[in-house]
2 protein chains.
Amino acid sequence: MISEAVQDYLKTIYKLQEDTGVVSTSALAEAMEVAAASVTGMVKKLASLKLVRHHPYQGVVLSKAGEKMALEVIRHHRLLELYLAEALGYSWDKVHEEAERLEHVISEEFEEKIFEALGRPTRDPHGDPIPAKDGTVVAAEHDRLSDLEPGATGVIRQVSDSDAEVLRYLGTRGLVPNAPVEVLEKAPFNGPVTVKTRETSHVLGRDLAQHIRVETRPEDET
Amino acid sequence: MISEAVQDYLKTIYKLQEDTGVVSTSALAEAMEVAAASVTGMVKKLASLKLVRHHPYQGVVLSKAGEKMALEVIRHHRLLELYLAEALGYSWDKVHEEAERLEHVISEEFEEKIFEALGRPTRDPHGDPIPAKDGTVVAAEHDRLSDLEPGATGVIRQVSDSDAEVLRYLGTRGLVPNAPVEVLEKAPFNGPVTVKTRETSHVLGRDLAQHIRVETRPEDET
DNA sequence: ATAATTTTTTAGGTGAGGCTAAAATAATCT
DNA sequence: AGATTATTTTAGCCTCACCTAAAAAATTAT
Ligand SMILES: [Mn+2]
Ligand SMILES: [Mn+2]
Ligand SMILES: [Mn+2]
Ligand SMILES: [Mn+2]
């Protein structure tokens, strides 16, 4: 069986790969909160298991098999997040931490049961796509709110789930997936972005606005 | 933090202690499916953590703190079993295995949420009592069906959850907690027990009948 | 009461997944 | 280009939870 450590490495490599293509030892070490030397050791193991390709000093890339396993874990994680929110009434800033532990221990039957109970969903509470069983993922990369210009309108599609504080803040302000937004102002020198949602308007620091992804030409709106 | 291994040892010691009082190294080794030497090692660790008292060559007994932790894990396990059965439609022969892994990773919040969702239950699907948060457990030891004499009537209260095969067999026959039973015959020389439930009667081997616990003077019946 | 047997502990090892410190390699600056 | 700095790998250790084989203690049989 594949250990939890291996699962976490694969998941993390997958996510880093989305941004940067090839993943460096130091990036992986930082994301895993582990010493760089430990990463080198694990990367060798992953390579010997044919889960990654490793070119020493150059970084690491998931193999087909590694990507499949990564997606499997991510599927568990996101289904769990949604289940915790929908079925157990978790607030959206707490689901991540709980899912982080559960994702490694649920059976395929459990996965299947919650998938059906949720009506075969495709998005987690933060708007991230839930990989399908066959390894398909909807790509759909949207613009960061921080990159939009005044006048732009659209619908929030994703909110980064990495920081619980941020989620709590945005949640109370209604800045959640499927909320419509309009950019009113964007102050220069990395200044705040002013956005209007249904009724109220909000002034968000540029860092915060980076966490929000907006679909500017909404095809459908919920 | 307390490791999963420690949690499993405490849980197992608790269960063995229910039958035998003090728990021997070999009994623990067999239950944990581990070499006796490994048990000695872990027992020393548990003793140093003040979770058990160990008199070398004499066996081991849970301390107050150890018992509290054991009950905590058992509470998780039984709440999970019930939740899997009630909320996710698991069959009662599969809940044990899944709960065995989940019990170690759920948070107190998760525990609380499923406890409330289930209506603050006191019994798991096999009829075993769910320890309360404060460490209270309903004792209620009932007679084994194999020990009853012909003519005895009562209500099934517990079915041993150790063997999935047994559970499947009993389940299809309606021999589940809260089913009324009457002992019709008991063949000598460890022969089978014939029991009548609502309509049908069943002939059960003595070994099988041992797995079923019956309350002979039912106070209330569901 | 001794001897034989069983149970438990000790001694020494293994593999996973971490760590720090030092060496090797790559990238950047002057 | 050569020196400096940053990144990555190697070397050597550690802890946890397991293992087998041997020694020690307790129990049971003669
Ligand atoms: Mn799965
Ligand atoms: Mn998420
Ligand atoms: Mn608990
Ligand atoms: Mn049970």
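Letters go in sequence order (proteins before strands), and every chain restarts at 1.
- Closest-nucleotide positions on DNA chain C for A/Pro56 and A/Met32 were compared, and the one nearer the 5' end corresponds to A/Met32.
- Here the side chain of B/Ala37 is nearest to one of D/dC18, C/dC19, D/dT20, namely D/dT20.
- Remark: B/Lys44 is in phosphate contact with C/dT10, judged by side-chain N or O atoms under 4.0 Å from OP1 or OP2.
- By the neighbour-count criterion of 12 heavy atoms within 6.0 Å, atom NZ of B/Lys15 is densely surrounded, having more than that number from other residues, nucleotides or ligands.
- Rounded to whole Å, the distance from OH on B/Tyr57 to P on C/dT6 is 17 Å.
- Atom-to-atom, CD of A/Glu4 to P of D/dA17 comes out at 14 Å; the value is rounded to the nearest Å.
- When the side-chain nitrogen and oxygen atoms of A/Thr25 are compared with OP1 and OP2 of D/dT9, one or more of them lie within a distance under 4.0 Å.
- Base contact: B/Thr40 has a heavy atom under 4.0 Å from a base atom.
- Distances from the side chain of B/Ser38 to the nucleotides C/dG18, C/dG17, D/dC18 place D/dC18 closest.
- Of all non-hydrogen atoms in B/Ala31 and B/Leu16, the two that sit nearest each other are CB-CD1, 4.1 Å.
- Using a 4.0 Å cut-off, no side-chain N or O of A/Ser26 falls inside it from OP1 or OP2 of D/dA6.
- Distance, B/Lys45 NZ to D/dT15 P: 12 Å, rounded to whole Å.
- Remark: B/His54 is in phosphate contact with C/dT9, judged by side-chain N or O atoms under 4.0 Å from OP1 or OP2.
- Counting any heavy atom pair closer than 4.0 Å across all strands shown, A/Ala5 reaches sugar-phosphate atoms only and no base atom.
- In this entry the distance linking CD of A/Glu30 with P of D/dT8 reads 12 Å, nearest Å.
- Remark: A/Arg78 is not positioned above the aromatic ring of A/Tyr83, lacking an NZ or CZ atom under 6.0 angstrom from the ring centre and at most 45 degrees off the axis.
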Verdict with supporting geometry, B/His76 and B/Glu103, side chain to side chain donor-acceptor pair (under 3.5 Å): CA-CA 5 Å; B/His76 287 190; B/Glu103 63 187 10; over 6 Å; no

Evaluation steps, salt bridge (charged side-chain N to carboxylate O under 4.0 Å, His left out), between B/Lys133 and B/Glu72: CA-CA 7 Å; B/Lys133 277 234 92 163; B/Glu72 172 82 19; 5.3 Å; no

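- The nearest whole Å value for the distance from the NE2 atom in B/His55 to the C1' atom in C/dT7 is 18 Å.
- Following rounding to the nearest Å, A/Glu33 (CD) and C/dC19 (P) show an atom-to-atom distance of 10 Å.
- Between the CD atom of A/Gln58 and the P atom of D/dT9 there is a distance of 9 Å, given to the nearest Å.
- Contact annotation: A/Ser24 does not reach the phosphate of D/dT7 (side-chain N/O to OP1 or OP2, under 4.0 Å).
- Across all strands shown, A/Val34 has heavy atoms under 4.0 Å from sugar-phosphate atoms exclusively, and none from any base.
- A straight line from CG of A/Leu28 to C1' of D/dT8 spans 13 Å, rounded to a whole angstrom.
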